[in-house]
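Data first, discussion second: the structure below is written as structure tokens.
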Amino acid sequence: MLRNSNSKGGLGNNRKEMIVAVVFVCFCVVTIEYGVRVTEAEEYFKPFNVTYDHRALILDGKRRFLISAGIHYPRATPEMWPDLIAKSKEGGADVIETYVFWNGHEPVRGQYNFEGRYDLVKFVKLAAAHGLYFFLRIGPYTCAEWNFGGFPVWLRDIPGIEFRTNNEPFKEEMKRFVSKVVNMMREEMLFSWQGGPIILLQIENEYGNIESSYGKGGKEYVKWAAKMALSLGAGVPWVMCRQQDAPYDIIDTCNAYYCDGFKPNSHNKPTIWTENWDGWYTQWGEKLPHRPVEDLAFAVARFFQRGGSFQNYYMYFGGTNFGRTAGGPLQITSYDYDAPIDEYGLLHEPKWGHLKDLHAALKLCEPALVAADSPTYIKLGPKQEAHVYQTDVHPDGLNLSLSESRNICSAFLANIDEKKEATVTFRGQRYTIPPWSVSVLPDCTNTVFNTAKVRAQTSVKLVELDLPTISNIFPGQQSRHHNGIYYISKSWMTTKEPLNIWSKSSFTVEGICEHLNVTKDQSDYLWYSTRISVSDSDILFWEENDVRPKLTIDGVRDILQIFVNGKLIGNAVGHWIKVVQSLQFLPGYNDLTLLTQTVGLQNYGAFIEKDGAGIRGTIKITGFKNGDIDLSKSLWTHQVGLQGEFLKFYSEQNESSGWVELSPDGIPSTFTWYKAYFDGPGGLDPVALDLKSMGKGQAWVNGHHIGRYWTRVSPKSGCKQVCDYRGAYDSDKCSTNCGKPTQTLYHVPRSWLRASNNLLVILEEAGGNPFEISVKVHLSTIICAQVSESNYPPLQKLVNADLIREEVSANNMIPELQLYCQEGHTISSITFASFGTPRGSCQNFSRGNCHATSSMSIVSKECQGKKRCSIKILDSVFGGDPCPGFEKTLSVEARCTSPLSVSFFQEAVSSS
């Protein structure tokens, strides 16, 4: 995943075991089985070979156009994987893609972890069991906003090592791990030629962005990496992304917002888009980026229009940076990425649905796409163009249903004007194309999809109150605020973290040691402590001259906190920033303590092993009577981590760490541990902790590390009320959440919860109020859709028919409005319905001058009480034409509820 580089392609400038889920139904724990059983050495496909030509990957002798869904397995729990894969397939994906995370799999050199969230084999097998192919990006450098770019920190301690260049120690370690992964996949029979799903592998990752930093060594390293990968005998093609000098037998690929202009470095290689950035990452204290689905669909359609054959969404599901896996600098815990499936595993509408329709339209074009060697280009206007894929083929060679030869033709009509729609003539017919959009014509005649016309529903995600139960451990512990919010507990325990050197494992040396050399990333925290002698003459000097001594440090990353005699007097946040802090000493000896913190290790760029952390350069105190004090030569005592970390205060077994009951009037401000017990919310909806009342720290539930939290506020400016999809996208274009904390809700996977007696442990660094922490459920309560007579029909009906053979009835070409609620919910009410000329958008609909009076009753009858419904956009459905001569639109807003949640909430309210 690229951090900061210009795109070189297209329009943009940017770069089986049983799976068991625990379901809480009131106070009972019920287990349900879901997913697909995975057995040892199962043959998921008939063994097939994978090759390629200039046009596409060739699977079992047939060219394939493929849609890939990026899902990083450690950013979800194994219990979530089957549902995520199933939703990807339902959305039109053919392939599941993931990086491989070296530091998760080999946290200690030679000690491997392929269990739990790191059970890569299970994840690959689950994809195969759903009938999907697999694209495994081994790297082993990932970037991915993942801690240290996926490298294990122990790697930097190997003598003589230099990462990602022609360096023998690095190449030896890299080959050892890549070989480990390839051999594991082979042993598990997971390559295509073994009957497995893996059709594509990746070595290295976006190295072309930094290759020049390494000179000749970089060029030699690229050749070596390619040769090493091919020597492993995986038997499927390898790619290198953003690598223009990829060797002949490695496919170079594109990563960007737009890749329609990308071409590989050889005519013998297909055009592959390994990372289509459908959103962007977020850092603490920044706005939340969003990419409009109209622009995303436009980018995908343009890619296939102009010769692309394989496209992977980065990300299709982003997930969560659990624990301390978030990268740096300052990556947040959520990795939602504005993806089609949100962080909690719910469909992000209309993004998921609109892309599903796009994929269905593209699938209708696949026979022509794979049959033609190249498209015919036709200029339709100043900024309008067509690409036509046409050929005479024998369909048996394309695995089609017909038995005779025929002419196959599919076309894409593009309007790349950013402002105006255009009416063009194509093959004797006139077509109107909205600005910045592509129309898809699978038969070169009928438009079945336009990227700017969204038919999919909008789902408004809400975080509802937690539907609390009463704890069996502390009766009556959950409290209700006057505004109706249920907080997690009114009974909290607390213990204080010492703000000084606390362990016998501390050591004293002259000068400041580099942070990572000491911590080995076993903790975010490193304490440095020294003693400063202050004479009476120094005090008098400061008073007479009205000055104070100042601590000056050349460079600090990511966070520095400064304590004098146990009192916090200053802090700094940044990436290698200079720090100047005024000090106030007492006569005699004063303890000066510095605490450096990492908030994710550097995950992108050249020489990241040398970036380090903590304090860099000269450190001194100025302003003493007899001159500056060079603290770089002073004796400093170093202490790794916090006492609570090493005593495992977050563990369920830890009951003897000096915990005392917390008084609401006596909340400590810095470095305090809190714990409380809470009951799991009823129902099946995803769960989140609301930590907006806290400052900065980390959280655990039942011993599982939820991640870092921080209520750092984003800039007040830079967000727009309306996001215009037209024109090239960048990560600042459609930002939201200005002037608010970047993240306040933190995902707690259902599988980590019990029905009751869940232990929440909080490490608070900066001050906060745990009494206002609440547990909430994440769900789509409001759903809306708006479909007009000119919209395209439901694509699935066309996929099931044979459009090219003209077996599509007129009934199948009628637009429909479709609504659905998430799993476990039904449409409980219709809050707005109007067939005619309604105005506004979701949550802001209003009637226009034309309105069919039967709208509400018709929609309510068709939808209320159902999980999903559909209504044809026809005058006859609504009792006649309410306004002849005008194009009619049906706009609907509805509410989804869970019967279980409603009854559960009523029970909780009455019991309180």
Side-chain angles (χ1 to χ4, degrees), residues 324 492-509 512-513 515 518-519 522-534 549-551 553 556-573 579 581-586 588-599 613-615 619 621 631 634-650 654 656-660 662-663 666-675 694-700 708-711 761-770:
R324 297 171 53 249
W492 283 86
M493 306 293 286
T494 184
T495 188
K496 189 69 176 169
E497 179 69 34
L499 300 180
N500 51 32
I501 305 303
W502 51 268
S503 171
K504 294 180 180 179
S505 65
S506 63
F507 63 92
T508 302
V509 295
I512 294 281
C513 294
H515 183 107
V518 180
T519 67
Q522 297 301 303
S523 170
D524 284 351
Y525 311 97
L526 179 60
W527 298 90
Y528 305 88
S529 186
T530 192
R531 182 159 285 187
I532 307 296
S533 177
V534 177
K550 293 183 178 180
L551 175 69
I553 304 175
V556 168
R557 109 154 250 193
D558 295 320
I559 296 178
L560 170 71
Q561 291 177 287
I562 303 167
F563 300 83
V564 174
N565 298 323
K567 181 180 179 180
L568 178 64
I569 63 162
N571 59 73
V573 179
V579 173
Q581 174 66 49
S582 295
L583 305 172
Q584 187 162 357
F585 292 128
L586 300 174
Y589 288 108
N590 291 260
D591 290 325
L592 174 63
T593 302
L594 308 179
L595 175 64
T596 57
Q597 297 181 41
T598 53
V599 187
I615 294 171
I619 175 171
I621 299 178
L631 296 179
S634 298
L635 291 176
W636 288 88
T637 300
H638 296 64
Q639 170 69 64
V640 176
L642 305 181
Q643 184 181 61
E645 287 183 292
F646 285 84
L647 295 180
K648 297 184 178 180
F649 284 3
Y650 51 82
N654 190 298
S656 57
S657 301
W659 293 97
V660 296
L662 175 65
S663 167
I667 301 174
S669 58
T670 58
F671 287 95
T672 304
W673 293 81
Y674 305 105
K675 72 175 180 178
M694 305 304 289
K696 179 185 178 299
Q698 300 178 46
W700 293 259
R708 302 182 183 97
Y709 68 85
W710 198 355
T711 50
V761 177
I762 298 287
L763 164 63
E764 173 58 44
E765 303 170 13
N769 184 1

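- In this structure, Thr530 contributes its side chain and Leu635 its backbone to a donor-acceptor pair below 3.5 Å.
- Side chain of Thr637 to main chain of Thr508: no donor-acceptor pair is present (N/O by atom type, distance under 3.5 Å, no hydrogens or angles).
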- request: Test Asp524 against Arg324 for side-chain contact (heavy atoms from CB on, under 4.5 Å), laying out the working first.
  value: CA-CA 8 Å; Asp524 284 351; Arg324 297 171 53 249; 2.8 Å; yes
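- Ring pair Trp492/Tyr674 is perpendicular by interplanar angle, where above 60° counts as perpendicular and below 30° as parallel.
- At distances below 3.5 Å, not a single donor-acceptor pair connects side-chain atoms of Gln561 with backbone N or O atoms of Leu568.
- Here the side chain of Thr672 pairs a donor or acceptor atom with the backbone of Thr670 at under 3.5 angstrom.
- Rounded to the nearest 0.5 angstrom, Leu592 CG and Ile619 CD1 are separated by 7.0 Å.
- Looking only at distances, no side-chain donor or acceptor of Asp591 sits under 3.5 Å from a matching main-chain atom of Arg531.
- Side chain of Glu645 to backbone of Leu647: no donor-acceptor contact under 3.5 angstrom is found.
- Not a single donor-acceptor pair under 3.5 Å links the side chain of Thr495 to the backbone N or O of Trp673.
- With hydrogens and angles disregarded, no donor-acceptor distance shorter than 3.5 Å links the side chain of Gln643 to the backbone of Ser503.
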_With ring-ring contact (aromatic ring centres under 6.0 Å, His included) as the criterion, how do Trp700 and Phe649 come out once you've worked through the C-alpha distance, each side chain's angles and the decisive distance to 0.1 Å?_
CA-CA 10 Å; Trp700 293 259; Phe649 284 3; 9.9 Å; no
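- Trp527 and Phe563 have tilted rings, their planes meeting at an angle from 30° to 60° on a 0 to 90° scale.
- Between the CD atom in Glu764 and the CD atom in Gln698 there is a gap of 11.0 Å [rounded to 0.5 Å].
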Should Leu586 and Val534 be marked as a side-chain contact (heavy atoms from CB on, under 4.5 Å) after you check the CA-CA gap, both sets of side-chain angles, and the distance that decides it? CA-CA 7 Å; Leu586 300 174; Val534 177; over 6 Å; no
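- One N or O on the side chain of Tyr528 and one on the backbone of Cys513 form a donor-acceptor pair closer than 3.5 Å.
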